[in-house]
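Heads up: the structure comes next, in structure tokens.
Any value given below was found using the heavy atoms of this structure, including those in side chains, with hydrogens, waters and symmetry copies removed. Position 1 is the first residue of the sequence; numbering continues from there.
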Amino acid sequence: MTIMEQGGPTPEAAPDLIKETTTQTFVKDVIEESRRQPVMIDFWAPWCGPCRQLTPMLEKAVRNAKGRVKLVKMNIDEHPAIPGQMGIQSIPAVIAFVNGQPADGFMGAVPESQVNAFIEKITKGVPAAGEPNLAEIIAEAEAVLAEGDAAAAAQIYAEVLAHDATNIAALAGLAKCYITTGAVEQAKQTLAMVPESKRNDAAVKAVQAAIDLAEQAQSVGPVAELEQKVAANPLDHQARFDLATALNAMGKRVEATEQLLAIVKRDRKWNDDGARKQLVQFFEAWGGTDEATVEGRKRLSTILFS
């Protein structure tokens with residue numbers, strides 16, 4: 001069984017999506033259940049004309065949501081305590097609970113389009129019954145890649161893309177896998193699949209920065225030669241700059257940072273502030289939470305503002 005086949009419950013196995021509740025069962029039916037998925041509670045009464053218009057729309061919309069949300073109905077004539085505690089003064093009233101707390105709501109017999117928009121809002125990111133949770137699968141791929149298994153991570157990202165070919169996080173992740181294995185051209189081809197409107201996404205920009213750096217590294221020469229140049233002439237900033245680029249391509253982030261910081265210390269204006277700009281590109285490619293990024297930014301700030 002692949003990761004993609006380990007999705008949520010099938011529609012046949014999913015519990016009832018629509019039910020009546022009472023004062024006694026409210027906590028279980030609404031609050032506790034909302035910790036697993038969004039729950040809408042519909043406060044109504046038999047004498048309420050607008051309720052008779054709204055409730056069928058709610059039921060239809062919930063069924064169309066395919067398990068992403070549940071509807072619980074409460075007759076306020078039979079069970080006045082809960083609506084009283086919640087300050088419900090007119091009906092129909094619909095309150096959405098998420099993670100055990102009221103999250104949103106509306107009153108009155110709103111149009112069907114508004115009901116659908118409301119459900120879309122409260123279920124954003126919630127997979128339908130039987131569908132895989134792509135966010136969780138992508139998080140697993142990121143963890144696998146962080147552990148150094150680019151091939152396994154690439155397979156997971158490919159499975160996500162087979163399900164959603166435009167998933168930006170998966171496209172960026174797959175391109176990152178290619179960069180890790182040195183397949184720069186494949187990384188570029190993968191990133192080219194990202195729509196123009198999404199090119200400013202943080203993950204996409206990070207991968208593009210990594211591609212640019214990898215291409216730079218292909219033209220700087222062997223690390224041993226560059227180290228010899230720097231040792232012979234510590235003021236050869238271009239050799240030190242190229243050494244930093246080559247070290248980064250080898251995954252030696254701390255060492256690469258050291259070389260660029262050395263240039264910034266000696267000559268901030270060298271090559272139109274080139275060393276600092278290269279460091280910023282490193283940080284973007286590595287990601288804001290990477291340890292080398294965090295430490296590098298601290299040390300850069302100390303130099304710039306001392």
Report yes or no: do [X] and [Y] belong to one cluster of Ile/Leu/Val/Met/Phe/Trp/Tyr joined by side chain heavy-atom distances under 4.5 Å?
X   : Y    : value
V98 : V30  : no
L54 : L17  : yes
F97 : F118 : no

With distance as the sole criterion, is a donor-acceptor pair present between the side chains of D212 and Q208 under 3.5 Å?
-> yes
pair [X]-[Y]: side-chain heavy atoms closer than 4.5 Å:
X    : Y    : result
M107 : I88  : no
P234 : R240 : yes
V194 : L191 : yes
I211 : V184 : yes

For the student: nearest non-hydrogen atoms of [X] and [Y], plus distance:
X    : Y    : value
G296 : T257 : CA-CG2, 4.1 Å
W47  : D77  : NE1-OD2, 2.8 Å
A96  : I122 : CB-CD1, 3.7 Å
I156 : A141 : CG2-CB, 3.7 Å
A175 : T190 : N-CG2, 4.0 Å

Test log, rule side chain to side chain contact (heavy atoms under 4.5 Å, CB included), inputs D164 and T166 | CA-CA 6 Å; D164 178 8; T166 62; 3.1 Å; yes
Just by modelled atom types, is the [Y] backbone N or O under 3.5 Å from a matching donor or acceptor in the [X] side chain?
X    : Y    : answer
T55  : R52  : no
Q281 : L213 : no
T23  : H79  : no

If the threshold is 4.0 Å, N to carboxylate O, is there a salt bridge linking [X] and [Y]?
X    : Y    : value
K277 : D272 : yes
K198 : D201 : no
D290 : R253 : yes
R299 : E258 : yes

The single option from V69, L71, I18, I119 passing side-chain contact (heavy atoms from CB on, under 4.5 Å) against L58 | L71
So, taking the atom named [atom1] in [X] and the one named [atom2] in [Y], what distance separates them when rounded to the nearest 0.5 Å?
X    : Y    : atom1 : atom2 : result
Q259 : D242 : CD    : CG    : 11.0 Å
E78  : T22  : CD    : OG1   : 10.0 Å
Q53  : C48  : CD    : SG    : 8.5 Å
L261 : L304 : CG    : CG    : 9.0 Å
R199 : I168 : CZ    : CD1   : 9.0 Å

Quick one: do R268 and D273 satisfy side chain to side chain contact (heavy atoms under 4.5 Å, CB included)? Show the steps, please.
-> CA-CA 6 Å; R268 165 71 188 277; D273 200 18; 2.8 Å; yes
Parallel, tilted or perpendicular, as decided by the 30° and 60° cut-offs, for the rings of H237 and W270 | perpendicular
Given side chain to side chain donor-acceptor pair (under 3.5 Å), test E120 with N116 step by step and report yes or no.
-> CA-CA 6 Å; E120 281 299 314; N116 291 331; over 6 Å; no
